[in-house]
Amino acid sequence: MNLEGVEKTMLLTLFAKAKHSQEKNHKFYDSKAIEVISKVDYDFSKAEKDKFMQLGTIARTIVLDEMVGEYIKYHPECTIVNIASGMDTRFNRLDNGRINWYNVDLENSANYRLKYIEDTDRVTTLAYSAMDPGWADEILIRNDVLFIVEGLTMYLNQKDVEDIINIIDTNFDECTIFMEIMPPVSVKNTKEESIEDTNAKFIWGVEKGHELTEINQNFKWIKDVNLFDGVNVFKPHYRIVTWFPLLRKRMDYIAVLEK
């Protein structure tokens, strides 16, 4: 398979989406995820048992699908750049026939992706580290640009996150960022068996998204969207506890930044 460490997590999240899509009361349907998982030779036994990983992936997918779908609604010919894309299949779920989409990932991950998910005339996979400014030169369309940074920052250090934000700032005059953040308390205490099995480690997080403006003041913080909003769609009966402030502080969120 030739995937190492954090790279393997892209298969775990794809598995969670495929599994959810085949359940009776699914909240999204991802035919591409089902197709790819049926072809991948990987032992998903731990992912099958890791309900916490599955819940987090499903909640994040519900939240980001809604957010990205809303952005596309108001910017129907936008360019979307998915940083550290892994095996993400959001384009297949949300394509309106007019958007342009770029997937940015490490060379090994990008090549693995292309074995199963081919590029099209409006989808381009770029083999770069998220911290390599070279990927920005490959983005041909500069109007109405949305950056998605999903399932990445918690594996990075502060300098890496700064580099990503500064690369975007240097190369794009007007843009929006949806960046998933794990709170520090969860960085220290979260245990996901299937993730740990890949030797990937959670490293970084901040409590509130507005802290990201301290990294680069050219960006304006708009809001944080807690992933419990997705949990509540998937598991409505969880609403009885997901409003507790102390609990919400432990959940990942999507920080929205604009420039």
Side-chain angles (χ1 to χ4, degrees), residues 9-37 44 47-48 50-75 78 80-96 99 101 103 117 146-154 176-183 186 190 192 194-195 202 205 209 222-245 247-257:
T9 63
M10 68 185 187
L11 294 180
L12 304 181
T13 54
L14 189 69
F15 170 82
K17 293 171 192 173
K19 185 173 184 293
H20 175 72
S21 296
Q22 296 174 89
E23 293 176 350
K24 182 178 179 180
N25 296 317
H26 57 261
K27 302 304 178 183
F28 59 84
Y29 186 78
D30 195 327
S31 60
K32 179 60 70 173
I34 295 171
E35 173 192 331
V36 174
I37 287 298
F44 288 106
E48 179 74 48
D50 194 343
K51 302 302 182 184
F52 190 73
M53 180 277 293
Q54 292 179 38
L55 179 64
T57 299
I58 294 165
R60 180 174 69 193
T61 302
I62 290 170
V63 168
L64 272 173
D65 275 8
E66 180 177 353
M67 293 174 66
V68 176
E70 188 75 1
Y71 185 91
I72 292 172
K73 177 181 176 181
Y74 289 102
H75 306 87
C78 65
I80 297 178
V81 183
N82 193 5
I83 297 178
S85 59
M87 301 291 278
D88 182 72
T89 48
R90 182 165 286 113
F91 174 85
N92 301 79
R93 295 194 300 275
L94 301 183
D95 178 33
N96 66 350
I99 61 174
W101 192 285
N103 294 302
I117 308 173
L146 170 65
F147 295 90
I148 303 171
V149 188
E150 175 185 5
L152 173 65
T153 63
M154 61 285 298
T176 301
I177 302 175
F178 294 166
M179 179 175 285
E180 181 187 1
I181 305 293
M182 179 178 283
S186 295
T190 298
E192 296 182 8
S194 60
I195 299 294
F202 298 135
I222 303 301
K223 62 180 178 179
D224 293 336
V225 182
N226 195 288
L227 294 194
F228 271 133
D229 292 353
V231 173
N232 292 340
V233 172
F234 177 41
K235 301 283 189 181
H237 56 282
Y238 281 21
R239 291 178 185 271
I240 195 170
V241 295
T242 57
W243 65 271
F244 281 107
L247 192 58
R248 291 185 73 84
K249 286 178 65 174
R250 298 179 65 95
M251 187 55 147
D252 288 17
Y253 58 90
I254 308 299
V256 179
L257 303 177

Residues [X], [Y]: salt bridge by 4.0 Å N-O rule:
{"X": "Arg90", "Y": "Asp65", "value": "yes"}
{"X": "Asp88", "Y": "Lys32", "value": "no"}
{"X": "Arg248", "Y": "Asp229", "value": "yes"}

With rounding to the nearest 0.5 angstrom, report the [atom1] to [atom2] distance, [X] to [Y].
{"X": "Lys235", "Y": "Ile240", "atom1": "NZ", "atom2": "CD1", "result": "15.5 Å"}
{"X": "Trp101", "Y": "Phe91", "atom1": "CH2", "atom2": "CZ", "result": "8.0 Å"}
{"X": "Thr9", "Y": "Leu14", "atom1": "OG1", "atom2": "CG", "result": "11.0 Å"}

message = Pair Val36, Ile117 - check side-chain contact (heavy atoms from CB on, under 4.5 Å), show working.
response = CA-CA 8 Å; Val36 174; Ile117 308 173; 3.9 Å; yes

Distance-only side-chain donor-acceptor flag, Asn232 / Thr242, under 3.5 Å =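 Their side chains do contain a donor-acceptor pair, which is all the 3.5 Å distance test asks for.
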
With a 4.5 Å cut-off on side-chain heavy atoms, are [Y] and [X] touching?
{"X": "Thr57", "Y": "Lys17", "result": "yes"}
{"X": "Phe234", "Y": "Asn25", "result": "no"}
{"X": "Lys19", "Y": "Ile37", "result": "no"}
{"X": "Ile254", "Y": "Met179", "result": "no"}
{"X": "Ile222", "Y": "Thr176", "result": "no"}
{"X": "Tyr253", "Y": "Val225", "result": "no"}
{"X": "Ile58", "Y": "Phe28", "result": "yes"}
{"X": "Cys78", "Y": "Ile99", "result": "yes"}

message = With a sphere of 6.0 Å drawn around NZ of Lys27, does it hold more than 12 non-hydrogen atoms of other residues, nucleotides or ligands?
response =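 Atom NZ in Lys27 is crowded, with more than 12 foreign heavy atoms closer than 6.0 Å.
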
inquiry  = Taking atom NZ as the centre, does Lys223 end up with more than 12 heavy-atom neighbours from other residues, nucleotides or ligands that are less than 6.0 angstrom away?
reply    =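 Counting other residues, nucleotides and ligands, NZ of Lys223 stays at 12 neighbours or fewer.
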
If you take all heavy atoms of [X] and [Y], which pair is closest and at what distance?
{"X": "Gly209", "Y": "Ala255", "result": "CA-CB, 3.9 Å"}
{"X": "Gly230", "Y": "Ile62", "result": "O-CD1, 3.6 Å"}
{"X": "Ala59", "Y": "Leu227", "result": "CB-O, 3.5 Å"}
{"X": "Met53", "Y": "Ala16", "result": "SD-CB, 4.1 Å"}

task = Begin from the C-alpha positions of Val149 and Glu180 and carry the test side-chain contact (heavy atoms from CB on, under 4.5 Å) through to its verdict.
result = CA-CA 6 Å; Val149 188; Glu180 181 187 1; over 6 Å; no

task = Determine the interplanar angle of the Tyr29 and His26 rings, folded into 0 to 90°, and report it as parallel if under 30°, tilted if 30 to 60°, perpendicular if over 60°.
result =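 The rings of Tyr29 and His26 sit tilted, inter-plane angle from 30° to 60°.
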
Worked check of side-chain contact (heavy atoms from CB on, under 4.5 Å) between Lys73 and Asn96 = CA-CA 9 Å; Lys73 177 181 176 181; Asn96 66 350; over 6 Å; no

key: Verdict with supporting geometry, Thr89 and Asp30, side chain to side chain donor-acceptor pair (under 3.5 Å)   = CA-CA 8 Å; Thr89 48; Asp30 195 327; 2.4 Å; yes

request  = For a side chain to side chain contact (heavy atoms under 4.5 Å, CB included) with Val68, tell me which candidate from Asn82, Val63, Leu94 qualifies.
outcome  =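 Only match with Val68 under side chain to side chain contact (heavy atoms under 4.5 Å, CB included): Leu94.
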
ask   = Val233 and Phe228: side-chain contact (heavy atoms from CB on, under 4.5 Å), yes or no, with the steps?
value = CA-CA 9 Å; Val233 172; Phe228 271 133; over 6 Å; no

